[in-house]
Amino acid sequence: MDIRAVLMGVAFAAMWSSAFTSARVIVEYAPPLSALALRFLISGLLGVAIAWALGQSARLTRAQWLAVVVFGVCQNALYLGLNFVAMQTVEASFAAIIASTMPLLVALSGWLIFGTKVRPLGVGGLVAGVFGVVLIMGARLQGGVDPFGFVLVLLGVLSLTAATLAVGRAAWNGNVLMIVGLQMLVGSAILLVPALLFETLDNIIWNWQLVVAFIYTTLVPGLAATLVWFLLVGRIGTVKASTFHFLNPFLGVAIAAVILGEAIGVLDIIGVVIIAGGILAVQLSKQT
């Protein structure tokens, strides 16, 4: 793995982790589902336009259309929709920690449900990751985290795990940016329905924090992180690229602490280190 790949991996992890902090700012001043639907509309249109300019086609295979629908529903509408609503009452660092366990949940589900073979290092990583999550959840629940928000965050990461397991890697062969743009448009269309039913735009607080956070969330985690991820996968492969997920718990907590001033407890730090180690062990166990 060369230095360029390392820098790309760290950049992707930082952009992915920062999305929770910018989302926390957005929901402070605007209705979550409406803001997210607009974000996906803009990101989706930009993604499709760039894909067309690069010569990518909207003529997708059956597997690719499945990826568009499944990820549009499970990742964009459910995972991010639930997280945006939850972050009205839970901290960005907590949401980032729970969301970062997705690689562990994918590996655990593959092992328990589909009988995927896991090496001893991977088993140890799964056990450590589960212990780290339990440690943080116990500390946060005792500290007064909103139970409803916690359930929403948990349901969100479970929906993302289900989408990852449901869609095979073959769906991403070719037209990647077009697929990403289309699934964002699917997520926007789905989120628009509950946004119109349950939210009003009268309570938007217009200020520079909202504008900056919205633009950042739309362009950086929305488009740039996706582009860097697929460039990284093309450079070093999915298995090695996935190793950088172990940085997400650290960066998610650190960014929220620096920008939002969120408090970090001793058990949080211990749990984050354990989860990061578990993710790294699981990803390393997949490499030959």
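The first residue in the sequence is number 1, and the count goes up from there.
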Item to complete: Using side-chain contact (heavy atoms from CB on, under 4.5 Å) as the criterion, list what pairs up with Leu108, not counting sequence neighbours.
Response: Trp111, Leu112, Leu126
Response to the item:
Sorted by chain and residue number, the side-chain contact (heavy atoms from CB on, under 4.5 Å) partners of Pro147 (sequence neighbours excluded) come out as none
Worksheet entry | Contacts of Phe250 that satisfy ring pair (Phe, Tyr, Trp, His ring centres under 6.0 Å) - sequence neighbours left out | none
Worksheet entry | Which residues share a ring pair (Phe, Tyr, Trp, His ring centres under 6.0 Å) with Phe40, sequence neighbours left out | none
Worksheet item: Taking the side chain from Gln75 and the backbone from Ala163, do they hold a donor-acceptor pair closer than 3.5 Å?
Response: no
Discussion item. Side-chain heavy atoms nearer than 4.5 Å, only ILVMFWY residues, links allowed to pass through others: does that put Leu80 and Val151 together?
Written reply: yes
For residues 7-18, which side-chain donor-acceptor pairs fall under 3.5 Å, sequence neighbours excluded?
{"from": "Ser17", "atom 1": "OG", "to": "Ala13", "atom 2": "O", "distance (Å)": "2.8"}
{"from": "Ser17", "atom 1": "OG", "to": "Asn248", "atom 2": "O", "distance (Å)": "3.4"}
{"from": "Ser17", "atom 1": "OG", "to": "Asn248", "atom 2": "OD1", "distance (Å)": "3.4"}
{"from": "Ser18", "atom 1": "OG", "to": "Ala14", "atom 2": "O", "distance (Å)": "3.3"}
{"from": "Ser18", "atom 1": "OG", "to": "Met15", "atom 2": "O", "distance (Å)": "2.8"}
{"from": "Ser18", "atom 1": "OG", "to": "Tyr216", "atom 2": "OH", "distance (Å)": "2.6"}

Name each donor-acceptor pair under 3.5 Å that joins a side chain in residues 131-139 to protein atoms two or more places apart or in another chain, with its distance.
none

Discussion item. Taking salt bridge (Lys or Arg N to Asp or Glu O under 4.0 Å) as the definition, give me every residue that meets it alongside Arg235, ordered by chain and number, with sequence neighbours left out.
Written reply: Asp2
Discussion item. Please enumerate all residues that pass salt bridge (Lys or Arg N to Asp or Glu O under 4.0 Å) together with Arg39, with sequence neighbours excluded.
Written reply: none
With a cut-off of 3.5 Å and sequence neighbours excluded, list every side-chain donor-acceptor pair involving residues 81-92.
{"from": "Asn83", "atom 1": "ND2", "to": "Tyr79", "atom 2": "O", "distance (Å)": "2.7"}
{"from": "Gln88", "atom 1": "NE2", "to": "Val85", "atom 2": "O", "distance (Å)": "3.1"}
{"from": "Thr89", "atom 1": "OG1", "to": "Ala86", "atom 2": "O", "distance (Å)": "3.2"}
{"from": "Thr89", "atom 1": "OG1", "to": "Asp146", "atom 2": "OD2", "distance (Å)": "2.9"}
{"from": "Glu91", "atom 1": "OE1", "to": "Arg140", "atom 2": "NH1", "distance (Å)": "3.4"}

Discussion item. For residues 136-160, which residue pairs pass the ring pair (Phe, Tyr, Trp, His ring centres under 6.0 Å) check, not counting sequence neighbours?
Written reply: Phe94-Phe150
Practice prompt. Could you check if a side-chain atom of Ser93 sits within less than 4.5 angstrom of a side-chain atom of Ile264, using non-hydrogen atoms only?
Written response: no
Sequence neighbours excluded and cut-off under 3.5 Å, please list the side-chain donor-acceptor pairs for residues 203-211, or say none.
{"from": "Asn207", "atom 1": "OD1", "to": "Gln209", "atom 2": "N", "distance (Å)": "3.3"}
{"from": "Asn207", "atom 1": "OD1", "to": "Leu210", "atom 2": "N", "distance (Å)": "2.8"}

Fill in: Inter- and intrachain pairs under salt bridge (Lys or Arg N to Asp or Glu O under 4.0 Å), touching residues 17-30, at least two apart
Arg24-Glu28
